Amino acid sequence: DTILVSDSYYGKKIASYHKAYGADYEFCRFYKLDCGTILVYNSIMVIDSDNVDEELNSFVNIISPISIEISNAEKLDLPAEYARKKRTLFEFSKGITDINFSDITVNNSLDGIYAILKDSFGITEYDAWYADISHRIRHKTAQTFLYEDKVTATMQFCEDNFAFFSYIAADEKYRRQG
């Protein structure tokens, strides 16, 4: 019923999935190891741990997830098939005032959002994307935003005043216009 996580991005992400799904779904599992807490969602692993020990290395190699999110990945003993992915961090610029916030729809137009994301990120699994995002919206752990049917962003989770946005994209014909 409860889960103990740190006050990190990884802990907050795990907590948000626990709020949305609980422990009743086969595709969403939570594990407590001596060194931390782990979420396995479908075949994606999120690890909330400052330490990497033999137990964690063994667990990761047994599960063999498609992707792993952890703060200190260099300490994991991963097979050569795993490649490090780079993330880009954007920070909201102060002084932007030309946005008409009444043109932003929240948690609507999921098909329009998917069309932009499919083009921008190559997402092809509509049913899996829709099932996940609509479930997390219903459980109030995620929100989607669409601005004038041109630009979208997804708040993946908001825990303790920390919001994480991803899937930020613009329709191709509106890109590179400021």
Side-chain angles (χ1 to χ4, degrees), residues 8-22 24-30 38-48 63-70 73 81-178:
S8 68
Y9 157 82
Y10 304 97
K12 291 176 189 305
K13 183 170 185 173
I14 291 170
S16 75
Y17 272 80
H18 189 261
K19 280 182 185 174
Y21 289 102
D24 296 332
Y25 293 92
E26 275 300 311
F27 61 86
C28 186
R29 299 315 245 170
F30 303 89
I38 298 172
L39 160 68
V40 178
Y41 178 79
N42 288 325
S43 190
I44 298 167
M45 182 178 281
V46 180
I47 302 170
D48 179 31
I63 300 293
S64 297
I66 290 174
S67 68
I68 302 165
E69 291 185 49
I70 184 172
E81 294 83 19
Y82 286 97
R84 180 179 288 272
K85 296 286 184 166
K86 196 173 196 175
R87 291 188 182 226
T88 303
L89 174 66
F90 295 93
E91 191 173 299
F92 189 68
S93 299
K94 294 179 182 174
I96 296 177
T97 59
D98 60 347
I99 295 174
N100 182 353
F101 288 98
S102 65
D103 291 334
I104 297 174
T105 58
V106 180
N107 297 334
N108 291 331
S109 306
L110 291 181
D111 288 339
I113 290 170
Y114 176 77
I116 294 171
L117 296 179
K118 180 181 178 186
D119 178 58
S120 300
F121 298 108
I123 298 171
T124 57
E125 298 293 326
Y126 174 82
D127 292 342
W129 173 83
Y130 185 87
D132 176 54
I133 196 63
S134 62
H135 181 89
R136 292 188 302 116
I137 287 170
R138 281 191 313 277
H139 286 83
K140 298 181 180 8
T141 61
Q143 289 186 317
T144 59
F145 302 89
L146 184 63
Y147 178 64
E148 295 182 344
D149 295 326
K150 300 175 185 177
V151 179
T152 185
T154 301
M155 184 179 66
Q156 294 291 345
F157 61 87
C158 184
E159 292 286 322
D160 301 323
N161 295 318
F162 176 92
F164 179 76
F165 286 81
S166 68
Y167 288 134
I168 300 168
D171 185 288
E172 187 172 15
K173 61 186 169 241
Y174 299 105
R175 292 181 192 158
R176 299 183 194 349
Q177 296 181 22

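Worth knowing before you read on, the calculation uses all heavy atoms, side chains too, and leaves out hydrogens, waters and symmetry mates. Computed from a predicted model, the values in this text were never measured in an experiment.
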Margin query: Determine whether V106 and T144 satisfy the following criterion, side chain to side chain contact (heavy atoms under 4.5 Å, CB included), listing intermediate values before the conclusion.
Written below: CA-CA 6 Å; V106 180; T144 59; over 6 Å; no
Margin query: Using side chain to side chain contact (heavy atoms under 4.5 Å, CB included), reason through D171 and D149 one step at a time and then give a plain yes or no.
Written below: CA-CA 8 Å; D171 185 288; D149 295 326; over 6 Å; no
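Contact detail for I168 and A153: the closest heavy-atom pair is CG1-CB, 3.9 Å. Between S8 and D48, the closest heavy-atom pair is OG-OD1, 3.1 Å.
In this structure, the side chain of S43 engages the main chain of I66 through a donor-acceptor pair within 3.5 Å. Using a distance-only test at 3.5 Å, with no hydrogens or angles considered, a donor-acceptor pair links the side chain of T152 to the main chain of F145.
Residues forming a side-chain contact (heavy atoms from CB on, under 4.5 Å) with V151 (at least two apart in sequence, or on another chain): Y147, A170. Residues satisfying the side-chain contact (heavy atoms from CB on, under 4.5 Å) test with I44, not counting sequence neighbours, are S67. Every residue two or more places apart in sequence or in another chain that forms a side-chain hydrogen bond (donor to acceptor under 3.5 Å, both in side chains) with K150 is listed here: E148. With sequence neighbours left out, the side-chain contact (heavy atoms from CB on, under 4.5 Å) criterion links S109 to T105, L146.
Atom-to-atom distance recorded for S16:OG and K140:NZ is 15.0 Å, nearest 0.5 angstrom. Atom CD of Q143 sits about 5.0 Å away from atom CG of N107, to the nearest 0.5 Å. With rounding to the nearest 0.5 Å, the separation of CG in N42 from CD in E26 is 11.5 Å. Taken to the nearest 0.5 Å, the CE atom of M45 stands 10.0 Å off from the CD1 atom of I14.
In this structure, the side chains of I68 and P65 come closer than 4.5 Å at one or more pairs of heavy atoms. Contact check for I38 versus V40: side-chain heavy atoms found under the 4.5 Å cut-off.
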Identify every side-chain donor-acceptor pair in residues 120-132 under 3.5 Å, counting partners at least two apart or on other chains, and give the distances.
residue	atom	partner	partner atom	Å
S120	OG	I116	O	2.9
S120	OG	R175	NH2	2.8
Y126	OH	D111	OD1	2.5
D132	OD1	Y21	OH	2.6
D132	OD1	Y41	OH	2.8
D132	OD1	R136	NE	3.1
D132	OD2	R136	NE	3.2
D132	OD2	R136	NH2	3.3

For residues 157-166, tabulate all N or O donor-acceptor pairs below 3.5 Å that involve a side-chain atom, not counting sequence neighbours.
residue	atom	partner	partner atom	Å
E159	OE1	K19	NZ	3.2
E159	OE2	K19	NZ	3.1
S166	OG	Q156	NE2	2.8

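Between Y25 and H135, the ring centre distance stays below 6.0 Å.
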